[in-house]
Amino acid sequence: MAIFSPERRLWWKEPLDRVELSWIGIAFIWGLVMFFTMIYWHFAGQQNLSNEAYRISLDVYAERAEAFAAKYTVREEGESGIPVVHPPPGSDAYIIARLWEWWPILELEKGKSYRIHLSSLDWQHGFSLQPININLQVQPGYEMVLTITPEKAGEYTIVCNEYCGIGHHTMVGKIFVVE
Ligand code: CUA
(Lines give C-alpha, C1' and ligand atoms only; values in the text may rest on other atoms or scores of the structure.)
Protein backbone atom coordinates (compact mmCIF):
# COMPACT_ATOMS: atom_id res chain seq x y z
CA MET A 1 0.00 0.00 0.00
CA ALA A 2 1.19 3.44 -0.80
CA ILE A 3 0.09 5.24 2.33
CA PHE A 4 3.70 5.85 3.35
CA SER A 5 6.40 7.00 1.01
CA PRO A 6 9.00 4.35 0.17
CA GLU A 7 11.92 4.05 2.58
CA ARG A 8 14.43 4.39 -0.21
CA ARG A 9 13.55 7.76 -1.64
CA LEU A 10 15.34 7.07 -4.90
CA TRP A 11 13.46 3.80 -5.51
CA TRP A 12 12.67 4.79 -9.10
CA LYS A 13 16.29 5.38 -10.00
CA GLU A 14 17.06 1.67 -10.46
CA PRO A 15 18.73 0.51 -13.64
CA LEU A 16 16.34 -1.09 -16.12
CA ASP A 17 16.08 -4.83 -15.94
CA ARG A 18 17.10 -6.55 -19.19
CA VAL A 19 13.71 -8.22 -19.54
CA GLU A 20 11.92 -4.90 -19.17
CA LEU A 21 14.23 -3.28 -21.67
CA SER A 22 13.59 -6.07 -24.17
CA TRP A 23 9.83 -5.59 -23.87
CA ILE A 24 10.15 -1.85 -24.34
CA GLY A 25 12.25 -2.58 -27.43
CA ILE A 26 9.72 -5.08 -28.80
CA ALA A 27 6.82 -2.68 -28.18
CA PHE A 28 8.68 0.17 -29.86
CA ILE A 29 9.56 -1.88 -32.94
CA TRP A 30 6.00 -3.22 -33.17
CA GLY A 31 4.71 0.37 -32.99
CA LEU A 32 6.95 1.27 -35.92
CA VAL A 33 5.80 -1.79 -37.88
CA MET A 34 2.15 -0.81 -37.41
CA PHE A 35 2.84 2.80 -38.30
CA PHE A 36 4.43 1.84 -41.62
CA THR A 37 1.73 -0.77 -42.25
CA MET A 38 -0.86 2.03 -42.19
CA ILE A 39 1.00 3.87 -44.92
CA TYR A 40 1.58 0.69 -46.90
CA TRP A 41 -2.06 -0.38 -46.56
CA HIS A 42 -3.32 2.92 -47.88
CA PHE A 43 -1.86 1.92 -51.26
CA ALA A 44 -2.00 -1.89 -51.14
CA GLY A 45 -5.35 -2.31 -49.39
CA GLN A 46 -7.28 0.06 -51.67
CA GLN A 47 -9.85 0.60 -48.94
CA ASN A 48 -9.13 4.20 -48.13
CA LEU A 49 -9.73 6.66 -50.90
CA SER A 50 -7.63 9.77 -51.18
CA ASN A 51 -10.43 12.24 -50.58
CA GLU A 52 -10.50 15.97 -50.78
CA ALA A 53 -12.57 17.94 -48.29
CA TYR A 54 -13.77 21.52 -48.42
CA ARG A 55 -15.92 23.72 -46.26
CA ILE A 56 -19.18 24.67 -47.92
CA SER A 57 -22.46 26.18 -46.77
CA LEU A 58 -25.61 24.07 -47.00
CA ASP A 59 -27.29 26.52 -49.38
CA VAL A 60 -24.41 26.63 -51.82
CA TYR A 61 -24.12 22.86 -51.84
CA ALA A 62 -27.87 22.39 -52.37
CA GLU A 63 -27.82 24.93 -55.20
CA ARG A 64 -24.94 23.21 -57.00
CA ALA A 65 -26.43 19.75 -56.60
CA GLU A 66 -29.83 20.89 -57.85
CA ALA A 67 -28.30 22.70 -60.83
CA PHE A 68 -26.29 19.56 -61.61
CA ALA A 69 -29.40 17.36 -61.47
CA ALA A 70 -31.47 19.80 -63.53
CA LYS A 71 -28.82 19.80 -66.25
CA TYR A 72 -28.15 16.08 -66.65
CA THR A 73 -31.32 14.24 -65.57
CA VAL A 74 -32.17 11.52 -68.08
CA ARG A 75 -35.19 9.88 -66.46
CA GLU A 76 -36.97 9.33 -63.18
CA GLU A 77 -37.00 6.22 -61.09
CA GLY A 78 -39.58 4.50 -58.94
CA GLU A 79 -42.65 5.85 -57.22
CA SER A 80 -40.78 8.70 -55.59
CA GLY A 81 -39.71 9.95 -59.03
CA ILE A 82 -36.12 10.39 -57.92
CA PRO A 83 -34.07 11.73 -60.84
CA VAL A 84 -31.46 9.56 -62.52
CA VAL A 85 -28.62 11.82 -63.55
CA HIS A 86 -26.10 10.93 -66.24
CA PRO A 87 -23.21 13.43 -66.14
CA PRO A 88 -20.64 13.56 -68.96
CA PRO A 89 -17.51 11.47 -68.27
CA GLY A 90 -14.77 13.35 -66.47
CA SER A 91 -17.17 15.83 -64.93
CA ASP A 92 -18.31 16.66 -61.42
CA ALA A 93 -21.27 14.80 -59.93
CA TYR A 94 -23.17 15.70 -56.79
CA ILE A 95 -24.97 13.59 -54.21
CA ILE A 96 -27.00 15.09 -51.39
CA ALA A 97 -27.39 13.18 -48.14
CA ARG A 98 -30.45 14.19 -46.13
CA LEU A 99 -33.21 12.74 -43.99
CA TRP A 100 -33.63 10.06 -45.36
CA GLU A 101 -32.35 9.80 -48.85
CA TRP A 102 -29.36 9.94 -51.14
CA TRP A 103 -30.34 12.32 -53.93
CA PRO A 104 -30.18 11.97 -56.93
CA ILE A 105 -29.31 8.58 -58.45
CA LEU A 106 -26.16 8.74 -60.54
CA GLU A 107 -25.65 6.88 -63.77
CA LEU A 108 -21.96 6.63 -64.64
CA GLU A 109 -20.07 5.06 -67.49
CA LYS A 110 -17.71 2.17 -66.91
CA GLY A 111 -14.01 3.00 -67.18
CA LYS A 112 -14.58 6.77 -67.06
CA SER A 113 -13.56 8.86 -64.11
CA TYR A 114 -15.73 11.30 -62.19
CA ARG A 115 -15.38 13.65 -59.29
CA ILE A 116 -18.13 12.71 -56.87
CA HIS A 117 -19.13 15.43 -54.41
CA LEU A 118 -20.85 14.45 -51.19
CA SER A 119 -22.36 16.52 -48.43
CA SER A 120 -25.23 16.48 -45.98
CA LEU A 121 -28.01 19.05 -45.74
CA ASP A 122 -28.95 18.27 -42.14
CA TRP A 123 -26.74 16.18 -39.91
CA GLN A 124 -24.25 13.39 -40.06
CA HIS A 125 -24.78 10.45 -42.39
CA GLY A 126 -22.51 7.61 -43.39
CA PHE A 127 -21.85 6.91 -47.05
CA SER A 128 -21.29 3.22 -47.63
CA LEU A 129 -21.07 2.03 -51.22
CA GLN A 130 -21.91 -1.65 -51.61
CA PRO A 131 -20.80 -4.20 -52.60
CA ILE A 132 -17.39 -2.61 -53.05
CA ASN A 133 -17.38 -1.30 -49.49
CA ILE A 134 -16.22 2.29 -49.80
CA ASN A 135 -17.09 4.12 -46.58
CA LEU A 136 -16.91 7.69 -45.46
CA GLN A 137 -18.57 10.17 -43.16
CA VAL A 138 -20.83 12.80 -44.65
CA GLN A 139 -21.09 15.98 -42.60
CA PRO A 140 -23.12 19.13 -43.14
CA GLY A 141 -20.86 22.06 -43.95
CA TYR A 142 -18.17 19.88 -45.48
CA GLU A 143 -17.97 18.73 -49.03
CA MET A 144 -16.09 15.50 -49.66
CA VAL A 145 -14.81 14.92 -53.18
CA LEU A 146 -13.81 11.48 -54.38
CA THR A 147 -12.29 10.80 -57.76
CA ILE A 148 -13.53 7.43 -58.85
CA THR A 149 -13.36 5.25 -61.95
CA PRO A 150 -15.99 2.50 -61.87
CA GLU A 151 -14.48 -0.76 -63.16
CA LYS A 152 -17.58 -2.92 -63.32
CA ALA A 153 -20.99 -2.22 -64.77
CA GLY A 154 -24.00 -2.88 -62.59
CA GLU A 155 -26.13 -1.48 -59.83
CA TYR A 156 -24.44 -0.26 -56.67
CA THR A 157 -26.22 0.51 -53.45
CA ILE A 158 -25.47 3.37 -51.09
CA VAL A 159 -26.48 2.59 -47.53
CA CYS A 160 -26.35 5.01 -44.64
CA ASN A 161 -24.14 3.48 -42.00
CA GLU A 162 -24.38 6.24 -39.42
CA TYR A 163 -27.51 6.20 -37.27
CA CYS A 164 -29.46 9.32 -38.26
CA GLY A 165 -32.93 8.91 -36.80
CA ILE A 166 -36.17 7.06 -37.25
CA GLY A 167 -35.81 6.64 -41.03
CA HIS A 168 -32.14 5.62 -40.96
CA HIS A 169 -32.80 2.09 -42.23
CA THR A 170 -34.69 3.46 -45.24
CA MET A 171 -31.86 5.74 -46.31
CA VAL A 172 -30.74 3.74 -49.31
CA GLY A 173 -29.55 5.15 -52.61
CA LYS A 174 -28.23 3.87 -55.90
CA ILE A 175 -25.51 4.38 -58.44
CA PHE A 176 -25.82 2.74 -61.86
CA VAL A 177 -22.73 1.96 -63.87
CA VAL A 178 -23.41 1.37 -67.55
CA GLU A 179 -21.19 0.03 -70.34
CU1 CUA B 1 -28.56 8.74 -42.78
CU2 CUA B 1 -28.47 6.92 -41.27
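Numbering of residues begins at 1 and proceeds along the displayed sequence. All ligand and atom numbering here is 1-based and tracks the order in the structure.
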Inset, instruction - State, with a plain yes or no, whether a side-chain heavy atom of P88 is found less than 4.5 Å away from one of Y72. - result: yes
Inset, instruction - Write down the atom of L121, the atom of Y61, and the distance for their closest heavy-atom approach. - result: CD2-CD2, 4.2 Å
Inset, instruction - Under 2.8 Å from atom 1 (Cu) of ligand 1, which protein N, O or S atoms are there? Could you list them by chain and number? - result: H125 ND1, C160 SG, C164 SG, M171 SD
Legend entry - Option from I158, V84, I105 for which side chain to side chain contact (heavy atoms under 4.5 Å, CB included) with K174 holds: I105
Inset, instruction - Flag the pair Q130 / Y156 as yes when at least one side-chain heavy-atom distance between them is below 4.5 Å, and no otherwise. - result: no
Legend entry - K110 vs E151 side-chain heavy atoms within contact, under 4.5 Å: no
Inset, instruction - Can you sort out the partners of D122 under side chain to side chain contact (heavy atoms under 4.5 Å, CB included), two or more places apart, ordered by chain and number? - result: R98, L99, S120, H125
